[in-house]
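Below you'll find the structure, written out as structure tokens, and then a few comments.
The model shown is predicted, which means the values in this text are computed figures rather than measured ones. For this chain, numbers begin at 1 and follow the sequence in order.
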Amino acid sequence: MDKAVGKILLPDDFKLNQISTEDYLGGLCDLTGEIGRYAVARGTARDKEGVKMCLEANKSIYMTLKMLGRLPKNISKKVGMVSKSVEKLERLLYEQSLIEATGRTAFASSVEENTGFDNTTEDN
């Protein structure tokens, strides 16, 4: 299967009494970093639809977090990283569109595969 599929679970969708809302939101923020790394791999494989799907997933997470309003301090820091992740994926998609429009065959993104999507902080 070349396309990622799945569903983001809400806290009520699973029975883990040990996880706090703060831990859940922190994990959701960290997930966007993994999505970003996957998007870079999809971009390298010239899978524009895969990159779009990753961008939409990260945008959805970002907008949901923003709609929650006031968040705990350590989660607020992570939301900033989610925003940067969305920006980087938008740039990656833009670069792919430019390559496609110009007919170039080489893909060299300014979005790096191993950096820039690390949403972890010392607060974990």
Taking every non-hydrogen atom, the tightest pair across [X] and [Y]:
X   : Y   : result
N58 : S85 : ND2-OG, 2.9 Å
L65 : L71 : O-CD1, 3.8 Å
A39 : L89 : CB-CD2, 3.3 Å

Could you state the interatomic distance from [atom1] ([X]) to [atom2] ([Y]), rounded to the nearest 0.5 Å?
X   : Y   : atom1 : atom2 : answer
I75 : T21 : CD1   : OG1   : 10.0 Å
E95 : K88 : CD    : NZ    : 12.0 Å
D23 : L28 : CG    : CG    : 12.5 Å
E87 : Y62 : CD    : OH    : 8.0 Å
E22 : N74 : CD    : CG    : 4.5 Å
M81 : S76 : CE    : OG    : 14.0 Å

Quick one: are K48 and S97 in side-chain contact, heavy atoms under 4.5 Å?
yes

Item to check | Candidates T44, L92, V40 - the one meeting side chain to side chain contact (heavy atoms under 4.5 Å, CB included) with V51 | outcome: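 Filter result, single survivor: L92.
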
Is the shortest side-chain N to carboxylate O distance from R42 to E49 below 4.0 Å?
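No.
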
Test log, rule side-chain contact (heavy atoms from CB on, under 4.5 Å), inputs K59 and E90: CA-CA 10 Å; K59 274 186 178 179; E90 288 173 335; 3.3 Å; yes

Exercise. In terms of hydrophobic clustering (I, L, V, M, F, W, Y; side-chain heavy atoms under 4.5 Å; direct or indirect links), are Y94 and L55 co-clustered?
Worked result: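 Different clusters.
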
**Study point:** Test item: side-chain donor near acceptor, K78 and T32, under 3.5 Å
**Key:**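 Checked: K78/T32 side chains show no N/O donor-acceptor pair below 3.5 Å.
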
With K66, which residues qualify under salt bridge (charged side-chain N to carboxylate O under 4.0 Å, His left out), at least two apart?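 So K66 forms no salt bridge (charged side-chain N to carboxylate O under 4.0 Å, His left out) with any residue.
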
